[in-house]
Structure formats: structure tokens, C-alpha cells
Amino acid sequence: MGTVETSADVVVGERRQLINVAYRLLGSVTEAEDAVQNAYARWYGLPRSRQEEILSPGAWLTTVTSRICLDLLGSARARRERYVGAWLPEPLPDRTEWDHAGDTDPTGPADPADQIVLNESVAMALLVVLESMTPAERVAFVLHDVFRYPFAEIADVLGRTPAACKQLAASARRRVSAERSPVAATDQAAMVRRVKEAWETKDIATLVGLLNPAAVMTADGGGMVGAVLRPVEGGARIAQYMVAIADKAPGLELLERSVNGVPGLVAQRAGVVVTVASFDVSDGLVTRIWAVRNPEKLRPWAREG
């Protein structure tokens with residue numbers, strides 16, 4: 001009757017995988033945790049006899065979590081129309097840089113952000129591209145291209161044929177290829193360091209030289225802290241804006257940190273993380289900067305300070 005497969009340990013053990021799927025689908029740690037909790041609630045709401053009929057609880061939970069995320073993605077546009085300023089995905093630090101001295105759970109960290117595997121599939125540049133997709137494209141791409149789920153299972157999530165899901169993933173893949181030009185981590189780190197040094201010295205000329213003339217900087221303050229409500233376009237304007245920020249925020253400390261697994265910058269003031277910046281680099285120049293300032297999205301960085 002599948003008693004071993006439906007044991008509590010096996011079901012709970014799926015949580016890490018589910019959080020990883022949900023974060024990539026939603027771009028929000030909080031929403032990912034809520035989606036996974038909802039999926040578990042549905043599982044534990046099943047009669048024991050029904051649980052024992054399910055041969056793979058992990059596959060069942062993934063399907064349910066993905067459907068919940070699909071519903072959330074469908075309503076996200078309306079929610080984000082009410083959002084103050086630009087909406088950006090929540091940035092995540094490299095857990096190896098955190099101080100876990102206070103962790104007491106011997107089985108592992110309880111924070112969902114601590115369970116997300118940081119690789120190219122959570123780079124801010126990719127998450128931003130995912131935001132431009134339809135909910136169905138995003139689900140098909142993430143489940144197939146990132147987690148290697150077969151289209152037959154994705155079809156069950158989306159309520160479409162496997163062939164239709166394959167087309168959705170292909171369409172999403174074309175978007176990713178058109179928007180992204182991956183850069184080696186060492187090259188990215190070197191560019192971020194140069195931006196940091198020029199920013200610290202308020203060297204506008206050097207900053208302009210590091211930025212693509214058509215570069216775009218997007219900030220997310222969520223209406224909770226000061227941030228430009230619209231993207232700043234053009235390398236010269238971005239450089240001037242960055243120096244203006246430095247002038248208005250004495251005592252701001254810039255740190256080179258991994259942001260979603262890619263070299264980025266963290267700004268601290270009085271030991272508190274106030275901004276997390278991600279960069280996209282192409283042909284030796286910075287083309288995009290994403291600066292997250294919304295304190296609610298910086299909670300995983302609290303231990304950085």
C-alpha cells in the first residue's frame with residue numbers, strides 16, 4: 001500500500017525541492033513558502049487511504065505546488081499594478097556567507113531562503129526574463145528546462161497536451177536566449193569590483209566608461225523606502241544617479257557579495273543591509289542594474305549585518 005513512501009519523513013523531505021521550484025516560479029521567498037505550505041495542507045487534508053494510493057508523494061506535491069504557483073502568477077499582474085514603483089524578484093545571499101551560529105535545528109536551517117539552491121536558474125537576470133513570460137510559459141520552462149520534468153507531467157499541471165507544453169517551453173527558451181548573454185563569474189566579479197571602486201570614489205567618468213550607453217537601472221523600494229519609481233536609462237544618467245546616492249548617504253558601505261549565485265554588491269548602513277544590487281554584463285560593459293531596497297525583500301540578508 002506504499003506505507004514507506006507515504007511516511008512523514010519522506011513527505012517532509014520534499015520541502016526543499018518544493019521551495020526551489022516555487023521560488024523560481026514566483027521570484028518571491030515569502031510567496032514560495034506560502035505555496036508550499038498550502039500544498040502540504042492539501043496533502044495532510046487527504047484521507048489516509050487516498051495518501052496510500054499515491055505512489056509518489058513528491059510528484060503529487062510538486063504538481064499541486066506548481067498549480068498553486070500558476071494561480072498566483074495569473075493574479076500577479078493585477079497585484080503588481082498596485083505595487084509602488086518597479087517590482088523585482090527577491091534577492092538571495094549565498095548561505096555560506098551567513099552566520100549560522102544561532103541555528104539550533106540539527107536537521108538543517110528552517111528559513112526557506114536557506115534551502116534554495118543558488119545556480120544560474122536563480123540569477124536575477126533570468127528571474128527578470130521569467131517575469132516577462134506568460135504564467136504557462138514560465139511553468140513549462142522552469143519545470144522542464146530547470147528541473148527536467150517530462151512534458152507528460154507538466155501537461156497535468158497546465159491542463160494542456162504534452163505537445164502544447166513543449167511549444168510553451170520552446171517559446172520561453174527563445175525569450176531567455178534573446179535576453180541573456182551569460183558571463184563568466186570571474187569576469188562578472190571583476191566588473192562589479194570596478195563599479196564598486198568607482199562608486200566609492202564618486203568617479204562619474206569611470207562609471208560612465210563601465211556602463212553601456214543604453215544601460216538601464218531599475219530600483220525596487222516598494223513604496224517603503226526612497227527609490228526611483230521608473231527605470232533610469234542611459235549610462236551617463238545612471239552614473240550621475242549613483243554618485244548622487246553616495247552624496248546623500250554618508251557612511252554607506254559597499255560590499256562585494258554573491259547575489260543569487262552571481263557576483264553583486266550589497267550596501268550597508270550602520271551594519272544594516274539597505275540595498276542589494278545585481279548586474280548584467282555583456283561585451284565588457286554593464287547593461288542592467290537591479291537594486292532591491294524594499295526591506296521586506298531583504299529579510300534573508302538580515303544576518304549579513
Side-chain angles (χ1 to χ4, degrees), residues 14-41 61-62 64-95 98 109-143 146-147 157 172 176 218-225 227 258-262 264 266 273-278 290-304:
E14 295 292 332
R15 186 173 184 272
R16 180 186 178 90
Q17 172 78 351
L18 299 175
I19 288 289
N20 274 275
V21 170
Y23 174 72
R24 287 160 175 80
L25 288 177
L26 300 172
S28 165
V29 178
T30 303
E31 289 185 356
E33 172 72 357
D34 289 344
V36 171
Q37 289 295 97
N38 193 341
Y40 272 113
L61 284 164
T62 299
V64 172
T65 298
S66 299
R67 287 175 179 166
I68 292 169
C69 291
L70 183 64
D71 290 341
L72 289 171
L73 288 171
S75 62
R77 180 167 298 177
R79 295 199 312 275
R80 289 171 191 168
E81 285 178 354
R82 299 190 297 269
Y83 194 83
V84 179
W87 187 97
L88 292 174
E90 294 180 23
L92 295 176
D94 188 331
R95 62 185 301 239
W98 293 12
D111 190 332
D114 228 357
Q115 301 188 40
I116 296 172
V117 177
L118 300 179
N119 55 30
E120 66 278 0
S121 67
V122 294
M124 187 64 69
L126 178 56
L127 291 180
V128 171
V129 176
L130 292 177
E131 283 295 313
S132 70
M133 299 179 184
T134 67
E137 283 178 333
R138 186 166 184 167
V139 170
F141 177 83
V142 169
L143 290 183
V146 178
F147 291 98
V157 174
V176 172
T218 305
D220 178 349
M224 303 181 69
V225 296
S258 171
V259 181
N260 285 55
V262 179
V266 169
V273 174
V274 294
T275 304
V276 173
S278 304
W290 298 282
V292 178
R293 303 202 66 233
N294 184 340
E296 291 187 347
K297 295 185 178 184
L298 298 180
R299 283 180 293 186
W301 297 81
R303 282 177 283 188
E304 272 285 315

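Note: hydrogens, waters and symmetry copies are ignored here, and every other heavy atom, side chains too, is used. Along the sequence shown, residues carry numbers from 1.
What you find for A32 and L26 is that their closest heavy atoms are N-CD1, 3.8 Å. Nearest heavy atom pair, residue P93 against residue P300, reads CG-O, 3.7 Å. The minimum heavy-atom distance between A291 and T275, with the atom names listed, is CB-CG2, 4.1 Å. Between A219 and A227, the closest heavy-atom pair is CB-CB, 4.0 Å.
Among D71, L72, T65, I68, the single residue meeting the side chain to side chain contact (heavy atoms under 4.5 Å, CB included) criterion with N38 is I68.
No side-chain N or O of N20 forms a donor-acceptor pair with one of R16 less than 3.5 Å apart.
E31 contributes atom CD, which lies 7.5 Å from atom CG of D34 (distance to the nearest 0.5 angstrom).
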**Request:** Take V139 and L73 through the side-chain contact (heavy atoms from CB on, under 4.5 Å) test and state the conclusion after the steps.
**Result:** CA-CA 9 Å; V139 170; L73 288 171; 4.3 Å; yes
**Asked** When you look at L126 and R24, which way does the side-chain contact (heavy atoms from CB on, under 4.5 Å) test go after all the steps?
**Response** CA-CA 10 Å; L126 178 56; R24 287 160 175 80; over 6 Å; no
**Request:** Given side-chain contact (heavy atoms from CB on, under 4.5 Å), test V29 with R299 step by step and report yes or no.
**Result:** CA-CA 10 Å; V29 178; R299 283 180 293 186; over 6 Å; no
**Message:** Evaluate Y23 against L92 for side-chain contact (heavy atoms from CB on, under 4.5 Å), listing each step before the verdict.
**Reply:** CA-CA 11 Å; Y23 174 72; L92 295 176; 3.7 Å; yes
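R138 has its side chain within reach of E131: a pair of non-hydrogen atoms, C-beta onward, lies under 4.5 Å apart. Residues R15 and V36 have side chains in contact (heavy-atom distance under 4.5 Å, counting atoms from C-beta outward). Put simply, the side chain of L298 does not reach to within 4.5 Å of the side chain of N294, judged on heavy atoms. The closest side-chain heavy-atom distance from Y40 to L18 is below 4.5 Å. Residues V262 and S278 fail the side-chain proximity criterion, which asks for heavy atoms closer than 4.5 Å. Between E90 and L127, every side-chain heavy-atom pair lies at or beyond the 4.5 Å cut-off. When side chains are defined from C-beta on, L25 counts as touching S66, because their heavy atoms get closer than 4.5 Å. Between V292 and V259, the closest side-chain pair of non-hydrogen atoms is not below 4.5 Å.
Q17 places no side-chain N or O within 3.5 Å of a backbone atom of E14 that could act as its donor or acceptor partner. Of the possible donor and acceptor atoms, one in the side chain of N260 sits under 3.5 Å from a partner among the backbone N and O of V122. Side chain of W301 to backbone of P91: a donor-acceptor contact under 3.5 angstrom is found. Proximity of a side-chain donor or acceptor of K297 to a complementary backbone N or O of L88 within less than 3.5 Å is detected.
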